[in-house]
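The chain is numbered in sequence order, starting from 1.
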Amino acid sequence: QTGLFLVFFLFLGGIAGGIEICITFPTEYVKTQLQLDEKANPPRYKGIVDCVKQTVDGYGVRGLYRGLSSLLYGSIPKAAVRFGVFEFLSNKMRDESGKLDSTRGLFCGLGAGVAEAVVVVCPMETVKVKFIHDQSSANPKYRGFFHGVREIIRTEGLRGTYQGLTATVLKQGSNQAIRFYVMTSLRNWYKGEDPNKAINPLVTGAFGAFAGAVSVFGNTPLDVIKTRMQGLEAHKYKSTLDCAVKIMKHEGPKAFYKGTVPRLGRVCMDVAIVFIIYEEVVKVLNKVWKTD
(Lines give C-alpha, C1' and ligand atoms only; values in the text may rest on other atoms or scores of the structure.)
Protein backbone atom coordinates (compact mmCIF):
# COMPACT_ATOMS: atom_id res chain seq x y z
CA GLN A 1 0.00 0.00 0.00
CA THR A 2 2.80 2.41 0.86
CA GLY A 3 4.46 1.58 -2.47
CA LEU A 4 1.23 2.32 -4.36
CA PHE A 5 0.89 5.58 -2.41
CA LEU A 6 4.36 6.74 -3.44
CA VAL A 7 3.96 5.71 -7.09
CA PHE A 8 0.57 7.43 -7.38
CA PHE A 9 1.79 10.58 -5.63
CA LEU A 10 4.96 10.83 -7.70
CA PHE A 11 3.02 10.34 -10.92
CA LEU A 12 0.71 13.21 -10.01
CA GLY A 13 3.68 15.30 -8.92
CA GLY A 14 5.37 14.74 -12.26
CA ILE A 15 2.24 15.72 -14.20
CA ALA A 16 1.88 18.84 -12.06
CA GLY A 17 5.53 19.66 -12.66
CA GLY A 18 5.02 19.38 -16.41
CA ILE A 19 2.02 21.72 -16.32
CA GLU A 20 3.91 24.19 -14.12
CA ILE A 21 6.92 24.19 -16.47
CA CYS A 22 4.72 24.88 -19.52
CA ILE A 23 3.24 27.90 -17.72
CA THR A 24 6.45 29.35 -16.31
CA PHE A 25 9.16 28.28 -18.79
CA PRO A 26 9.50 31.71 -20.50
CA THR A 27 10.81 33.10 -17.21
CA GLU A 28 13.35 30.25 -17.08
CA TYR A 29 14.37 31.01 -20.66
CA VAL A 30 14.88 34.72 -19.94
CA LYS A 31 16.76 33.95 -16.72
CA THR A 32 19.15 31.63 -18.56
CA GLN A 33 19.76 34.11 -21.39
CA LEU A 34 20.56 36.90 -18.93
CA GLN A 35 22.95 34.63 -17.02
CA LEU A 36 24.73 33.67 -20.25
CA ASP A 37 25.03 37.31 -21.34
CA GLU A 38 28.58 38.02 -20.16
CA LYS A 39 29.70 41.54 -19.31
CA ALA A 40 33.18 40.70 -20.65
CA ASN A 41 31.68 40.73 -24.13
CA PRO A 42 29.36 43.47 -25.47
CA PRO A 43 26.10 42.77 -23.57
CA ARG A 44 23.36 41.57 -25.86
CA TYR A 45 20.44 42.39 -23.59
CA LYS A 46 19.63 45.55 -21.64
CA GLY A 47 17.33 43.69 -19.26
CA ILE A 48 14.33 41.38 -18.97
CA VAL A 49 12.02 43.33 -21.29
CA ASP A 50 14.73 43.73 -23.93
CA CYS A 51 15.53 40.01 -23.80
CA VAL A 52 11.86 39.11 -24.34
CA LYS A 53 11.52 41.68 -27.14
CA GLN A 54 14.61 40.50 -29.03
CA THR A 55 13.58 36.86 -28.70
CA VAL A 56 10.02 37.43 -29.91
CA ASP A 57 11.20 39.73 -32.74
CA GLY A 58 13.73 37.18 -33.92
CA TYR A 59 11.97 33.87 -33.33
CA GLY A 60 8.36 34.61 -32.42
CA VAL A 61 6.68 33.68 -29.15
CA ARG A 62 7.81 30.08 -29.64
CA GLY A 63 11.37 31.29 -29.17
CA LEU A 64 10.63 31.78 -25.46
CA TYR A 65 10.05 28.02 -25.22
CA ARG A 66 13.37 26.82 -26.69
CA GLY A 67 14.71 24.12 -24.38
CA LEU A 68 11.27 23.35 -22.90
CA SER A 69 11.33 19.73 -24.06
CA SER A 70 14.44 18.94 -22.01
CA LEU A 71 12.68 20.08 -18.82
CA LEU A 72 9.42 18.35 -19.71
CA TYR A 73 11.13 15.01 -20.30
CA GLY A 74 12.93 15.33 -16.98
CA SER A 75 10.08 16.63 -14.81
CA ILE A 76 8.56 13.28 -13.88
CA PRO A 77 11.80 11.47 -12.90
CA LYS A 78 13.00 14.61 -11.09
CA ALA A 79 9.80 14.72 -9.01
CA ALA A 80 10.08 10.99 -8.38
CA VAL A 81 13.67 11.20 -7.12
CA ARG A 82 13.13 14.38 -5.09
CA PHE A 83 10.02 13.34 -3.20
CA GLY A 84 10.89 9.65 -3.12
CA VAL A 85 14.23 10.33 -1.42
CA PHE A 86 12.69 12.97 0.87
CA GLU A 87 9.91 10.58 1.93
CA PHE A 88 12.42 7.79 2.54
CA LEU A 89 14.77 9.97 4.62
CA SER A 90 12.03 11.80 6.53
CA ASN A 91 10.37 8.52 7.54
CA LYS A 92 13.72 7.40 8.98
CA MET A 93 14.33 10.68 10.84
CA ARG A 94 10.97 11.44 12.45
CA ASP A 95 10.80 11.35 16.26
CA GLU A 96 8.67 8.99 18.36
CA SER A 97 5.55 11.10 17.79
CA GLY A 98 6.06 11.12 14.03
CA LYS A 99 7.12 14.77 13.91
CA LEU A 100 9.90 16.01 11.64
CA ASP A 101 11.67 19.06 13.05
CA SER A 102 13.10 21.81 10.84
CA THR A 103 16.75 20.74 11.23
CA ARG A 104 16.00 17.19 10.15
CA GLY A 105 13.85 18.58 7.35
CA LEU A 106 16.89 20.51 6.15
CA PHE A 107 19.04 17.37 5.99
CA CYS A 108 16.28 15.38 4.27
CA GLY A 109 15.93 18.17 1.71
CA LEU A 110 19.69 18.25 1.21
CA GLY A 111 19.75 14.51 0.52
CA ALA A 112 16.82 14.80 -1.89
CA GLY A 113 18.48 17.71 -3.72
CA VAL A 114 21.83 15.93 -4.13
CA ALA A 115 20.10 12.77 -5.39
CA GLU A 116 18.00 14.60 -7.98
CA ALA A 117 21.03 16.61 -9.12
CA VAL A 118 23.09 13.50 -9.88
CA VAL A 119 20.35 11.30 -11.32
CA VAL A 120 18.23 13.77 -13.31
CA VAL A 121 18.87 17.49 -13.00
CA CYS A 122 22.46 17.83 -14.21
CA PRO A 123 22.00 16.11 -17.60
CA MET A 124 18.56 17.70 -18.03
CA GLU A 125 19.81 21.20 -17.20
CA THR A 126 22.92 20.81 -19.37
CA VAL A 127 20.78 19.97 -22.41
CA LYS A 128 18.37 22.82 -21.60
CA VAL A 129 21.14 25.42 -21.26
CA LYS A 130 22.83 24.24 -24.47
CA PHE A 131 19.52 24.48 -26.35
CA ILE A 132 18.89 28.01 -25.11
CA HIS A 133 22.48 29.09 -25.76
CA ASP A 134 22.34 27.48 -29.21
CA GLN A 135 19.43 29.75 -30.18
CA SER A 136 21.71 32.75 -29.69
CA SER A 137 24.13 31.39 -32.31
CA ALA A 138 24.07 32.66 -35.89
CA ASN A 139 23.51 29.10 -37.15
CA PRO A 140 21.67 26.97 -34.56
CA LYS A 141 22.81 23.35 -34.80
CA TYR A 142 20.21 21.55 -32.65
CA ARG A 143 16.99 20.69 -34.50
CA GLY A 144 15.19 19.30 -31.48
CA PHE A 145 15.58 17.52 -28.14
CA PHE A 146 16.64 14.07 -29.32
CA HIS A 147 18.81 15.47 -32.12
CA GLY A 148 20.48 17.78 -29.61
CA VAL A 149 21.14 14.97 -27.15
CA ARG A 150 22.61 12.79 -29.92
CA GLU A 151 24.86 15.63 -31.08
CA ILE A 152 26.06 16.42 -27.56
CA ILE A 153 26.89 12.76 -26.85
CA ARG A 154 28.45 12.29 -30.30
CA THR A 155 30.77 15.29 -29.98
CA GLU A 156 31.41 15.37 -26.24
CA GLY A 157 30.54 11.90 -25.01
CA LEU A 158 28.24 11.12 -22.08
CA ARG A 159 30.34 13.52 -19.99
CA GLY A 160 28.99 16.30 -22.20
CA THR A 161 25.61 15.93 -20.49
CA TYR A 162 27.22 16.22 -17.05
CA GLN A 163 28.88 19.61 -17.36
CA GLY A 164 28.73 21.62 -14.16
CA LEU A 165 27.92 18.58 -11.98
CA THR A 166 29.59 20.07 -8.89
CA ALA A 167 27.74 23.36 -9.28
CA THR A 168 24.47 21.50 -9.92
CA VAL A 169 24.88 19.34 -6.81
CA LEU A 170 25.63 22.46 -4.74
CA LYS A 171 22.68 24.31 -6.28
CA GLN A 172 20.09 21.52 -5.96
CA GLY A 173 21.32 20.42 -2.55
CA SER A 174 21.08 23.95 -1.14
CA ASN A 175 17.80 24.53 -3.02
CA GLN A 176 15.94 21.62 -1.47
CA ALA A 177 17.64 22.01 1.93
CA ILE A 178 16.42 25.61 2.14
CA ARG A 179 12.94 24.85 0.79
CA PHE A 180 12.22 21.84 2.98
CA TYR A 181 13.73 23.58 6.02
CA VAL A 182 11.47 26.61 5.53
CA MET A 183 8.41 24.49 4.74
CA THR A 184 8.98 22.21 7.72
CA SER A 185 9.49 25.22 10.02
CA LEU A 186 6.36 27.02 8.78
CA ARG A 187 4.27 23.85 8.86
CA ASN A 188 5.31 23.08 12.44
CA TRP A 189 4.71 26.70 13.47
CA TYR A 190 1.23 26.72 11.92
CA LYS A 191 0.18 23.43 13.52
CA GLY A 192 1.57 24.38 16.92
CA GLU A 193 0.73 21.74 19.50
CA ASP A 194 -1.82 20.02 17.25
CA PRO A 195 0.02 17.77 14.73
CA ASN A 196 -3.31 16.83 13.12
CA LYS A 197 -4.34 20.42 12.37
CA ALA A 198 -5.33 20.79 8.70
CA ILE A 199 -3.59 23.38 6.54
CA ASN A 200 -5.60 25.27 3.94
CA PRO A 201 -4.17 24.82 0.40
CA LEU A 202 -3.86 28.60 0.02
CA VAL A 203 -1.75 28.73 3.19
CA THR A 204 0.38 25.87 1.87
CA GLY A 205 0.82 27.78 -1.40
CA ALA A 206 1.88 30.92 0.46
CA PHE A 207 4.38 28.93 2.54
CA GLY A 208 5.72 27.30 -0.64
CA ALA A 209 6.10 30.62 -2.45
CA PHE A 210 7.99 32.04 0.53
CA ALA A 211 10.24 28.96 0.69
CA GLY A 212 10.92 29.32 -3.03
CA ALA A 213 11.81 33.01 -2.65
CA VAL A 214 14.22 32.27 0.20
CA SER A 215 15.94 29.59 -1.89
CA VAL A 216 16.28 31.96 -4.87
CA PHE A 217 18.01 34.67 -2.85
CA GLY A 218 20.05 32.03 -1.05
CA ASN A 219 21.51 30.22 -4.03
CA THR A 220 21.18 32.26 -7.25
CA PRO A 221 25.00 32.70 -7.34
CA LEU A 222 25.31 28.89 -7.60
CA ASP A 223 22.65 28.91 -10.33
CA VAL A 224 24.62 31.49 -12.35
CA ILE A 225 27.82 29.44 -12.02
CA LYS A 226 25.95 26.27 -13.00
CA THR A 227 24.49 27.96 -16.08
CA ARG A 228 27.92 29.20 -17.21
CA MET A 229 29.45 25.74 -16.65
CA GLN A 230 26.75 24.17 -18.85
CA GLY A 231 26.72 26.73 -21.68
CA LEU A 232 28.41 26.47 -25.06
CA GLU A 233 31.34 28.50 -23.70
CA ALA A 234 31.92 26.17 -20.72
CA HIS A 235 35.36 25.25 -22.06
CA LYS A 236 36.63 28.62 -20.82
CA TYR A 237 36.35 27.43 -17.23
CA LYS A 238 38.69 24.90 -15.64
CA SER A 239 36.37 24.16 -12.72
CA THR A 240 33.42 25.44 -10.72
CA LEU A 241 35.78 27.51 -8.56
CA ASP A 242 37.57 28.91 -11.63
CA CYS A 243 34.20 29.93 -13.08
CA ALA A 244 33.26 31.76 -9.87
CA VAL A 245 36.62 33.54 -9.74
CA LYS A 246 36.41 34.67 -13.37
CA ILE A 247 32.85 35.97 -12.96
CA MET A 248 33.91 37.96 -9.91
CA LYS A 249 37.08 39.26 -11.61
CA HIS A 250 35.55 40.28 -14.95
CA GLU A 251 31.95 41.12 -14.04
CA GLY A 252 31.80 41.89 -10.33
CA PRO A 253 29.54 40.54 -7.55
CA LYS A 254 26.31 41.77 -9.19
CA ALA A 255 26.81 39.22 -11.97
CA PHE A 256 26.10 36.44 -9.46
CA TYR A 257 22.51 37.66 -9.25
CA LYS A 258 21.75 37.84 -12.99
CA GLY A 259 18.32 36.46 -13.79
CA THR A 260 17.11 36.76 -10.19
CA VAL A 261 13.78 38.43 -11.03
CA PRO A 262 12.59 35.98 -13.72
CA ARG A 263 13.87 33.06 -11.63
CA LEU A 264 12.00 34.41 -8.60
CA GLY A 265 8.70 34.42 -10.50
CA ARG A 266 9.09 30.89 -11.79
CA VAL A 267 10.45 29.31 -8.61
CA CYS A 268 7.82 30.84 -6.30
CA MET A 269 5.02 29.54 -8.53
CA ASP A 270 6.78 26.20 -8.97
CA VAL A 271 7.31 25.53 -5.27
CA ALA A 272 3.82 26.76 -4.33
CA ILE A 273 2.14 24.43 -6.86
CA VAL A 274 4.31 21.44 -5.96
CA PHE A 275 3.75 21.74 -2.22
CA ILE A 276 0.01 22.30 -2.58
CA ILE A 277 -0.25 19.07 -4.59
CA TYR A 278 2.07 17.31 -2.14
CA GLU A 279 -0.10 18.20 0.85
CA GLU A 280 -3.44 17.55 -0.85
CA VAL A 281 -2.46 14.16 -2.29
CA VAL A 282 -1.05 13.08 1.08
CA LYS A 283 -4.36 14.07 2.72
CA VAL A 284 -6.42 12.08 0.23
CA LEU A 285 -4.23 8.99 0.25
CA ASN A 286 -3.92 8.96 4.02
CA LYS A 287 -7.72 8.69 4.19
CA VAL A 288 -7.71 5.83 1.68
CA TRP A 289 -4.65 3.85 2.78
CA LYS A 290 -3.91 5.23 6.25
CA THR A 291 -0.22 5.66 5.41
CA ASP A 292 0.54 7.81 8.50
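- More than 12 heavy atoms of other residues, nucleotides or ligands lie within 6.0 Å of OH in Tyr162, so this atom counts as buried by the packing criterion.
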Requested in this report: Given side-chain contact (heavy atoms from CB on, under 4.5 Å), test Ile199 with Lys191 step by step and report yes or no.
Outcome: CA-CA 8 Å; Ile199 303 180; Lys191 290 186 175 182; 3.9 Å; yes

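- Judged purely by atom type and a 3.5 angstrom limit, Asn175 has no side-chain atom pairing as donor or acceptor with the backbone of Gly109.
- Residue Tyr257 places its OH atom among more than 12 non-hydrogen atoms of other residues, nucleotides or ligands, all under 6.0 Å distant.
- Checked by atom type and distance alone, the side chain of Tyr59 never pairs as donor or acceptor with a backbone atom of Gln54 at under 3.5 Å.
- Using modelled atom types, no side-chain atom of Asn219 and backbone atom of Leu222 make a donor-acceptor pair closer than 3.5 Å.
- Ion pairing between a basic and an acidic side chain is recognised when a charged N comes within 4.0 Å of a carboxylate O; Lys53 and Asp57 show such pairing.
- Residues Thr220 and Arg263 have side chains that bring a donor and an acceptor to within less than 3.5 angstrom of each other.
- Under the 3.5 Å distance criterion, the side-chain polar atoms of Thr126 are matched with a main-chain donor or acceptor of Thr161.
- In Tyr181, the OH atom is not crowded: 12 or fewer heavy atoms of neighbouring residues, nucleotides or ligands sit closer than 6.0 Å.
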Query raised in the report: Which is it for Leu186 and Val182 under the side-chain contact (heavy atoms from CB on, under 4.5 Å) test, yes or no, and what are the steps along the way?
Result: CA-CA 6 Å; Leu186 291 174; Val182 172; 3.7 Å; yes

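- Below 30°, between 30° and 60°, or above 60°: for His147 and Tyr142 the angle between ring planes is above 60°, a perpendicular geometry.
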Query raised in the report: Can you list the steps and then say if Glu251 with Lys246 is a salt bridge (Lys or Arg N to Asp or Glu O under 4.0 Å)?
Result: CA-CA 8 Å; Glu251 302 174 61; Lys246 285 182 176 175; over 6 Å; no

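- Atom CE of Met93 has more than 12 neighbouring heavy atoms from other residues, nucleotides or ligands inside a 6.0 Å radius.
- In the displayed structure, Lys197 atom NZ is contacted under 6.0 Å by more than 12 heavy atoms of other residues, nucleotides or ligands.
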Report task. Carefully, step by step, assess Phe180 and Arg187 under the rule side-chain contact (heavy atoms from CB on, under 4.5 Å). Result -> CA-CA 10 Å; Phe180 281 106; Arg187 196 181 289 122; over 6 Å; no

Query - Stepwise side-chain contact (heavy atoms from CB on, under 4.5 Å) check, Ile247 with Phe256 - result: CA-CA 8 Å; Ile247 291 173; Phe256 287 108; 3.8 Å; yes

